[in-house]
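Take a look at the structure set out below.
What you see below is based on every heavy atom in this structure, not just the backbone, and it leaves out hydrogens, waters and symmetry mates. FYI, the numbering just counts along the sequence from 1. Numbering of ligands and ligand atoms starts at 1, following listing order. Just so we're clear, the structure is a prediction, and the values are computed from it rather than from any experiment.
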Amino acid sequence: MGRIDRGAVRQWLAAVIAVSAAGLVATPARANFSACMAGLRNAAVEAGISRAVVSRALDIAAPDEKVLRLSKVQPEFKTPIWDYLGFLVDEQRVADGQAMMRRHDATLRAAERRFGVDRHVIAAVWGVETDFGREAGDNFLPHALATLVCEGGRRRDFWRGELFAALKLVDRGDLELNKLYGSWAGAFGQTQFIPSTYQRLAVDFDGDGRRDLVSSVPDALGSTANYLKRAGWREGEPWMIEVKVPRGYKGPTGRRNKAAIAEWSQRGVTRADGRPLAGGGQAGLLLPAGSNGPGFLVFRNFDAIYSYNQAESYALAISHLADRLAGYPPLRTPWPTDDPGLTRAQRLQLQKLLLAKGYDIGEADGKIGPVTRDAIKDVERQLGMPESGRAGSKVYRALGGR
Ligand code: CA
């Protein structure tokens with residue numbers, strides 16, 4: 001209900017803003033938006049979506065300003081890999097994931113049997129995408145996607161395709177309109193499918209006749225397994241092995257630069273856990289922090305995970321979380337830094353410490369935004385450190401964090 005209420009409030013607010021804007025000045029931008037929406041409604045009906053769904057979903061008076069803002073955000077700096085993994089694979093997420101795996105054991109095993117995809121990887125996707133369903137996004141998709149079509153500038157055809165795919169899901173009875181809440185860019189549900197992917201690959205895994213990846217955990221986990229299978233998952237094969245490379249290693253690297261395990265052995269690559277490096281399959285070598293940091297041999301199944309979000313750091317997070325959920329220990333080789341990243345609990349504690357020091361950063365929520373970063377810069381200045389605004393261990397400890 002929370003999401004539905006927030007959506008309703010936002011739409012009401014958007015309408016109020018639209019009315020007051022119209023009362024103050026007759027903006028050409030608003031007239032353009034109305035014309036664009038009218039065209040979009042016609043096109044949706046022509047694309048075969050029922051008039052009833054079109055009029056309920058696309059009666060939109062003004063663009064979603066929050067979505068426009070988010071679509072224009074440029075990352076301030078490149079997040080170090082140890083920050084990214086520290087946040088996504090912390091002890092809390094491992095514990096939560098193991099609890100969720102116990103709770104949904106039958107479903108995960110059924111998905112593993114039917115699609116041949118390792119259940120720890122299915123659960124890891126769920127954990128990284130939405131923290132096991134807790135953070136699925138609160139943007140109303142028709143509003144967000146219509147805004148991107150009419151005001152987003154680039155990729156209009158892509159956004160229109162996603163908008164129509166979302167409405168077709170409602171039209172065919174998979175979902176109610178009020179389930180369409182997700183990220184500003186249209187990914188939604190427990191494992192964050194975009195609507196066209198949902199349309200193509202979602203499965204009804206609880207057998208109720210509908211594909212509901214928002215409320216049905218079995219549908220979401222089964223669909224994720226189906227996605228990975230269709231992306232080329234090979235049953236029974238590994239996805240990633242942590243390795244060490246010889247000091248000053250200058251040999252081949254890269255996900256696509258695959259070679260047989262025996263060849264990696266000849267190049268001096270060894271398993272980080274000390275066991276012999278053996279087995280079949282072709283793997284590439286990733287050294288995300290150079291040859292002094294952890295190394296990873298990544299297999300065809302890593303590529304299937306990669307395709308979910310097209311980022312190697314993302315695929316590393318899923319792969320490592322899957323290992324942790326299966327009971328393997330943290331990475332053996334430390335990251336080559338004297339200023340490691342923080343867990344989510346530490347981020348929250350960092351904000352509480354900043355508040356205690358008198359920094360006006362609003363409520364501590366564990367999310368490091370521009371206001372928190374400014375406060376961190378001030379602390380760094382006082383410590384004589386370069387001002388990065390990064391939530392790292394040095395600043396954390398200087399503030400008294402443990
Ligand atoms: Ca279902």
Side-chain angles (χ1 to χ4, degrees), residues 1-4 7 48-50 52-54 56-57 96-97 99-142 144-145 161-183 186-231 233 235 304-305 307-309 318 322 325:
M1 274 310 284
R3 271 190 210 162
I4 296 160
I49 300 158
S50 74
V53 168
V54 169
R56 275 166 56 224
D96 289 349
M100 290 307 252
M101 285 195 73
R102 281 192 295 276
R103 188 187 303 173
H104 297 281
D105 185 59
T107 296
L108 284 163
R109 285 179 191 275
E112 189 176 64
R113 267 195 311 278
R114 173 146 154 215
F115 300 102
V117 177
D118 189 285
R119 65 189 186 282
H120 303 93
V121 173
I122 303 170
V125 171
W126 189 24
V128 165
E129 286 292 345
T130 65
D131 199 20
F132 310 102
R134 282 188 287 241
E135 302 252 359
D138 60 1
N139 300 285
F140 185 52
L141 258 50
L145 293 168
E162 293 305 322
L163 173 61
F164 291 178
L167 298 183
K168 281 177 185 168
L169 292 171
V170 177
D171 220 13
R172 63 176 275 174
D174 280 325
L175 290 170
E176 307 294 334
L177 187 59
N178 63 20
K179 296 269 184 83
L180 295 182
Y181 283 82
S183 82
F188 75 116
Q190 302 263 341
T191 50
Q192 300 281 284
F193 278 24
I194 59 171
S196 58
T197 302
Y198 195 124
Q199 187 75 277
R200 222 159 30 90
L201 296 178
V203 296
D204 169 26
F205 205 54
D206 62 11
D208 72 348
R210 310 163 80 217
R211 303 179 302 167
D212 181 352
L213 279 54
V214 175
S215 305
S216 163
V217 169
D219 284 6
L221 299 183
S223 298
T224 297
N226 186 39
Y227 181 101
L228 291 169
K229 182 189 175 176
R230 297 278 289 270
W233 185 273
E235 186 169 4
I305 298 168
S307 76
Y308 211 94
N309 204 20
I318 304 267
L325 292 178

Tell me, which N, O or S atom in [X] is closest to the Ca ion (ligand 1)?
X    : answer
D208 : OD1
D204 : OD1
D206 : OD1
D219 : OD2

Task: Under 3.5 Å: donor-acceptor pair, side chain of E162, backbone of S196 - done: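 At least one qualifying donor-acceptor pair exists.
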Open item on the list: Please check: side-chain N/O of Y227 versus main-chain N/O of S307, any donor-acceptor pairing under 3.5 Å?
Closed with: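 Yes; at least one donor-acceptor contact below 3.5 Å.
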- [ ] State, with a plain yes or no, whether a side-chain heavy atom of D204 is found less than 4.5 Å away from one of R210.
- [x]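 D204 vs R210: side chains apart.
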Open item on the list: Strictly under 3.0 Å, is the Ca ion (ligand 1) approached by any N, O or S atom of R210?
Closed with: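 For R210, the answer is yes, given that an N, O or S atom comes within less than 3.0 Å of the Ca ion (ligand 1).
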TODO: Can you measure from CD (E135) to CD (Q192) and round to the nearest 0.5 angstrom?
DONE: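 E135 atom CD to Q192 atom CD measures 10.0 Å (nearest 0.5 Å).
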- [ ] Rounded to the nearest 0.5 Å, what's the gap from OG1 on T107 to CE on M100? Could you check?
- [x]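 Nearest 0.5 Å value for the OG1-CE distance: 11.0 Å.
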